[in-house]
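Here the structure is laid out as structure tokens; the discussion comes afterwards.
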Amino acid sequence: MKPDKMRTILDTIAGMFPDAHCELVHSNPFELTIAVLLSAQCTDETVNKVTADLFKKYKRPEDYLAVPIEELEQDIRRIGLYRNKAANIQKLCRMLIEKHGGEVPRDYESLVELPGVGRKTANVVISNAFGVPAIAVDTHVERVSKRLGIAKPDDSVLEVEKKLMRLVPRDEWTITHHRLIFFGRYHCKAQRPNCPECPLLDLCKEGKKRMRPSG
DNA sequence: CTCCCGATAT
DNA sequence: ATATCAGGAG
């Protein structure tokens, strides 16, 4: 993709979602880390419903280790994938206490070593909690990037991330990440994208393809 | 690659 | 009924 086309995309989604932000409710880096870990293959809305009670009951890493795994599983059951996530939360808390003084580490390399924390989660934490420019590629960012032609259909999430970092100025990485998510979540949706009212339709092959009668 | 998994939209 | 949801580990 050419830089001028990318600039058009950036300016357009900035106009559509000027206040895009992290929608996972949290009040500190530790809560954000737990919320993002829980958000895998689950909507933010459901995560927020569960963490509303969860974060009242569990304040510190020690609190998650003080209950049997079965109790934590029940507390996050509605999220889905709850056995893996409960186990990862307890392992993560143990590692925070043993290796990081009970605090969430501020660097990417330490974050990805935490159980249940991969590239996407680590990028969300360093950008939202610690102000480090990053572009976390989740399902929305991947889908939107491929539909708009920023990335190719068979690119890996890492390749998508590299292309975005190359095309977007560093000081716009984090806000662009949030705008791409809002664009994907509320407009360029997976199941029923709003192509008829899309201001980017002219430069979107996928959109024009979808607008044709055959589909 | 498969498995993990409940909630919600279509 | 099926697709999708702020993925990660084995």
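- With salt bridges taken as basic N to acidic carboxylate O contacts below 4.0 Å, none links Glu159(A) and Lys162(A).
- Contact annotation: Arg77(A) side-chain N/O to dC5(B) OP1/OP2 distance is not under 4.0 Å.
- Residue Leu180(A) is classed as having no contact, given no heavy-atom separation below 4.0 Å to the nucleic acid.
- When heavy atoms are screened at a 4.0 angstrom cut-off, Lys91(A) is found touching no nucleic acid atom at all.
- On the P atoms, dA6(C) is 22 Å away from dC4(B), given to the nearest whole Å.
- Counting to the nearest Å, the P atom of dT4(C) and the OH atom of Tyr186(A) are 19 Å from each other.
- For the side chain to side chain contact (heavy atoms under 4.5 Å, CB included) test with Gln74(A), the passing option among Arg77(A), Arg78(A), Glu70(A) is Arg77(A); the others fail.
- Distances were taken from every side-chain heavy atom of Arg78(A) (C-beta onward) to each of dG6(B), dC5(B), dA6(C); the shortest belongs to dG6(B).
- The separation between Asp44(A) atom CG and dG6(B) atom P is 20 Å, rounded to whole Å.
- When the nearest nucleotides of DNA chain C are assigned to Val117(A) and Val36(A) by heavy-atom distance, the more 5′-ward of the two goes with Val36(A).
- Atom name P, nucleotides dG8(C) and dA7(B): the rounded distance is 22 Å, in whole Å.
- Rounded to a whole Å, the CZ atom of Arg83(A) is 16 Å from the C1' atom of dT2(B).
- For Leu32(A) and dG7(C), the CG to P distance is 14 Å, given to the nearest whole Å.
- Heavy atoms only, all atoms of each residue included: Thr46(A) and Ile79(A) are closest at O-CD1, 4.2 Å.
- Across dC5(B), dA7(B), dC5(C), the shortest atom-to-atom separation from the side chain of Arg143(A) is found for dC5(C).
- Between Lys49(A) and Tyr82(A), the residue anchored nearer the 5' end of DNA chain B, judged by the nucleotide with its closest heavy atom, is Tyr82(A).
- The ring of Phe182(A) has its center closer than 6.0 angstrom to the ring center of His21(A).
- Glu73(A) and Lys85(A) are not joined by a salt bridge, as no carboxylate oxygen comes within less than 4.0 angstrom of a charged side-chain nitrogen.
- For Thr46(A), the listed nucleotide lying nearest its side chain is dA7(B); candidates were dA6(C), dC5(C), dA7(B).
- Rounded to an integer number of Å, the gap from Ile76(A) CD1 to dC4(B) C1' is 12 Å.
- Taking atom CD1 on Ile175(A) and atom P on dA6(C), their separation rounds to 17 Å, with Å as the unit.
- Taking every side-chain heavy atom of His140(A) into account, dC5(C) is the closest of dC5(C), dT10(B), dG7(C).
- One atom, CD of Glu73(A), and another, P of dG6(B), lie 12 Å apart when rounded to the nearest Å.
- Distances shown here put every side-chain N or O of Thr121(A) at or beyond 4.0 Å from the OP1 or OP2 atom of dA6(C).
- In this structure, Val141(A) reaches neither bases nor backbone, as no heavy-atom distance under 4.0 Å exists between it and the strands shown.
- Residue Glu23(A) is in base contact, counting any heavy-atom pair closer than 4.0 Å across all strands shown.
- At a threshold of 4.0 angstrom between heavy atoms, the contacts of Leu37(A) with the nucleic acid are absent.
- Distance from the side chain of Gln41(A) is smallest for dC5(C) among the nucleotides dA6(C), dC4(B), dC5(C).
- The side chain of Ala190(A) lies closest to dT4(C), out of dG7(C), dT4(C), dG6(B).
- Electrostatic pairing of Glu172(A) and Arg7(A) counts as a salt bridge here, judged by a charged N lying under 4.0 Å from a carboxylate O.
- Separating the CD atom of Gln191(A) from the C1' atom of dT8(B) is a distance of 9 Å, rounded to the nearest angstrom.
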